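This report refers to the structure that appears directly beneath it.
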Amino acid sequence: MALKGETPNKRSVRAQAQRKGAEPHRLDEIDRRILGALRTDGRLTIAGLAERVGLSQSPCWTRLRRLEEAGLIRDYVALLDHRALGIPDVVFIEVTLDKHDDAVLEAFGTEILRIPEVLEVHLVTGEYDYMIKVAVSGTAHYERFLREKLYRIRGIRQSRSVFALRTLKQEVSVDPVAIARQAP
């Protein structure tokens with residue numbers, strides 16, 4: 001049930017929070033086709049989506065709302081071309097913290113999320129604590145990013161950077177139809 005003034009995206013986030021720890025949502029082939037179609041074109045109208053998945057508009061809209069409310073659709077976004085924006089370089093940074101207590105992790109998380117060049121941050125297992133993906137306009141921009149932003153965050157023991165030379169594949173989510181075909 002939606003709360004007053006709540007957008008579909010906020011409902012999805014709320015539903016997702018309620019489902020934490022719950023079993024994965026069971027999807028039929030039509031649900032997967034709806035998700036797959038939206039994955040490739042989030043601007044589809046209900047009419048276009050219904051036509052693409054082989055439903056009439058009303059049942060398609062009902063299924064879409066159910067998928068949103070179940071938290072399977074987190075958001076609708078525009079994918080920007082970083083090269084056209086003048087920030088073509090992607091750098092992956094491995095970060096190790098001095099300590100691993102809740103206060104240090106919380107402070108690092110709060111600060112790193114404020115930096116506009118940061119595209120992704122993952123707490124990971126292994127030799128380092130975080131894997132961070134950033135977009136920059138070149139090595140001079142990256143040096144400024146390090147000195148003026150990243151290294152000003154307290155608690156960082158060390159970092160290691162790797163520039164991406166070329167992107168071979170970039171997806172924002174899995175293809176639910178293809179994944180279902182591979183399931184045992």
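This structure is a prediction, so every number in the text was calculated from the model and none was measured.
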Please determine whether the number of non-hydrogen atoms from other residues, nucleotides or ligands lying under 6.0 Å from atom [atom1] of [X] exceeds 12.
| X | atom1 | answer |
| --- | --- | --- |
| Arg83 | CZ | no |
| Glu106 | CD | no |
| Glu171 | CD | yes |
| Arg157 | CZ | yes |
| Arg160 | CZ | no |
| Asp102 | CG | no |
| Gln170 | CD | no |
| Glu111 | CD | yes |

Run the salt bridge (charged side-chain N to carboxylate O under 4.0 Å, His left out) check on Asp98 and Arg154 step by step: do they pass? CA-CA 9 Å; Asp98 284 333; Arg154 291 186 182 183; over 6 Å; no
Side chains of Val121 and Val118 in contact at under 4.5 Å (non-hydrogen atoms): yes
Side-chain heavy-atom pair Leu38, Tyr76 within 4.5 angstrom cut-off: yes
For residues Tyr142 and Phe163, establish whether the separation of their ring centroids is below 6.0 Å. yes
With sequence neighbours left out, what residues match Arg166 under side chain to side chain donor-acceptor pair (under 3.5 Å)? none
Evaluate Glu69 against Arg66 for salt bridge (charged side-chain N to carboxylate O under 4.0 Å, His left out), listing each step before the verdict. CA-CA 5 Å; Glu69 289 173 0; Arg66 183 176 46 80; over 6 Å; no
Quick one, Arg32 with Glu29, criterion salt bridge (charged side-chain N to carboxylate O under 4.0 Å, His left out). Give me CA distance, side-chain angles, the key distance, then yes/no. CA-CA 5 Å; Arg32 290 180 189 283; Glu29 180 64 23; 5.4 Å; no
So Asp28 and Arg33, salt bridge (charged side-chain N to carboxylate O under 4.0 Å, His left out) or not? Walk me through it. CA-CA 9 Å; Asp28 64 17; Arg33 289 197 323 244; over 6 Å; no
Are the side chain of Arg39 and the backbone N or O of Val174 linked by a donor-acceptor pair below 3.5 Å? yes
